[in-house]
Amino acid sequence: MTERIFDIRLSTMYEGTDNKITSLDAGILQDGEWHKLHIDTLSAGFLLLCYGLGSCQHLYFRTNAAERDLLLESSEGRVQVVADEDWHILRIEVQFEGILRDGIPTQSDIDYIIDRMGHCPVSTNLVKPADSSTIVTFLETS
């Protein structure tokens, strides 16, 4: 069986009490190397779906972190979507690591953020594959 793997990375900087985005770089892993992700009117629909999932997960990650008074300096998010040869999604892995400029996250905060990320509109409109995971971690500014 041929698998189609879409691995997208979002590198983001923030400011303010609402984790407002000041810069965002999107990349895609191709042939073992990260490349800048270019989205335009000629982009493949499935790639747009994968980027839309990453963007939606990121929105819920950053806004719910702010809601819990976890103010981000930066974050690195990664969304990997694996589909079969007929484009059926087999696996989704979501990982976000935030560098905090203020706040101390509890496990309850992390559980809440992960739960909320599952309610992003793109996620709720996908058939959730049996093999999926969401991981959120926070580090303090060094």
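Position 1 is the first residue of the sequence, and the numbers go up from there. These numbers come from a predicted model, not from an experiment.
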>> I'd like to know if the side chain of Q57 reaches the main chain of M117, judged simply by a donor and an acceptor atom lying under 3.5 Å from each other, with no hydrogens or angles considered.
In response: yes
>> Within this structure, what is the CZ-CD1 distance for the pair F138 and I104, rounded to the nearest 0.5 Å?
In response: 13.0 Å
> L29 and L48: same hydrophobic cluster, using ILVMFWY side-chain contacts below 4.5 Å?
Replying inline: no
> Between Y51 and A26, what is the shortest heavy-atom contact and its length?
Replying inline: CE1-CB, 4.0 Å
>> Check this for me: D40, atom CG, are more than 12 non-hydrogen atoms of other residues, nucleotides or ligands nearer than 6.0 Å?
In response: yes
>> Hydrophobic clustering (ILVMFWY, side-chain heavy atoms < 4.5 Å, transitive) - are I114 and V79 grouped together?
In response: yes
> Side chains of E15 and T22: donor-acceptor distance under 3.5 Å anywhere?
Replying inline: no
> Between L72 and L100, is any pair of side-chain heavy atoms under 4.5 Å apart?
Replying inline: yes
> How far apart are the C-alpha atoms of I92 and L126, what are their side-chain angles, what is the distance that settles it, and do they pass the side-chain contact (heavy atoms from CB on, under 4.5 Å) test?
Replying inline: CA-CA 11 Å; I92 298 173; L126 292 175; 4.1 Å; yes
> Which residue pairs pass the side chain to side chain donor-acceptor pair (under 3.5 Å) test when at least one of the two sits in residues 111-122, sequence neighbours left out?
Replying inline: E67-Y112, Q107-D111
> Rounded to the nearest 0.5 Å, what separation is found between the CG atom of D7 and the CD atom of Q30?
Replying inline: 10.5 Å
>> Please verify the inter-ring angle class for W87 with F6; under 30° counts as parallel, over 60° as perpendicular, anything in between as tilted.
In response: tilted
> Are the side chain of N19 and the backbone N or O of L70 linked by a donor-acceptor pair below 3.5 Å?
Replying inline: yes
>> Closer than 4.0 angstrom, basic N to acidic O: yes or no for R4 and D84?
In response: no
> What distance separates N64 CG from L59 CG, expressed to the nearest 0.5 Å?
Replying inline: 8.5 Å
>> Quick check: closest heavy atoms across G118 and S123, and the distance to 0.1 Å?
In response: O-CB, 3.8 Å
>> Within this structure, what is the CG-CD1 distance for the pair L90 and I5, rounded to the nearest 0.5 Å?
In response: 10.0 Å
> Does one hydrophobic cluster hold both L71 and L139, with members joined at side-chain heavy-atom distances below 4.5 Å?
Replying inline: no
>> To check you understand the geometry: which heavy-atom pair defines the closest contact between P105 and D109, and what is its length?
In response: CA-OD2, 3.6 Å
> Just checking, any donor-acceptor pair under 3.5 angstrom between side chains of Y14 and S75?
Replying inline: yes
> For the atom pair NE2 (H58) and OG1 (T63), what is the distance rounded to the nearest 0.5 Å?
Replying inline: 9.5 Å
> Between L47 and I28, is a side-chain contact (heavy atoms from CB on, under 4.5 Å) present by the stated rule, with each step listed?
Replying inline: CA-CA 10 Å; L47 174 62; I28 187 164; 3.7 Å; yes
> Are the side chain of N125 and the backbone of V122 linked by a donor-acceptor contact shorter than 3.5 Å?
Replying inline: no
>> Can you confirm whether L49 sits close enough to V81 that some side-chain heavy atom of one is under 4.5 Å from a side-chain heavy atom of the other?
In response: no
>> Return the CG to CG distance between L24 and L10, rounded to the nearest 0.5 Å.
In response: 5.5 Å
>> Looking at E33, I want to see if its CD is surrounded by more than 12 non-hydrogen atoms of other residues, nucleotides or ligands under 6.0 Å.
In response: no
> Taking a hydrophobic cluster as the set of Ile, Leu, Val, Met, Phe, Trp and Tyr residues connected by side-chain heavy atoms closer than 4.5 Å, whether directly or through intermediates, do F61 and I21 fall within one such cluster?
Replying inline: yes
> Does the distance from a Lys or Arg side-chain N to an Asp or Glu carboxylate O, for E76 and R9, drop under 4.0 Å?
Replying inline: yes
>> Walk me through whether Q95 and S133 qualify under side-chain contact (heavy atoms from CB on, under 4.5 Å).
In response: CA-CA 8 Å; Q95 297 179 337; S133 66; over 6 Å; no
>> Using every non-hydrogen atom in the two residues, find where G54 and F96 come nearest and quote the distance to one decimal.
In response: O-CZ, 4.1 Å
> If Ile, Leu, Val, Met, Phe, Trp and Tyr residues are connected whenever their side-chain heavy atoms lie under 4.5 Å apart, and connections chain through other members, are I99 and V136 in the same group?
Replying inline: no
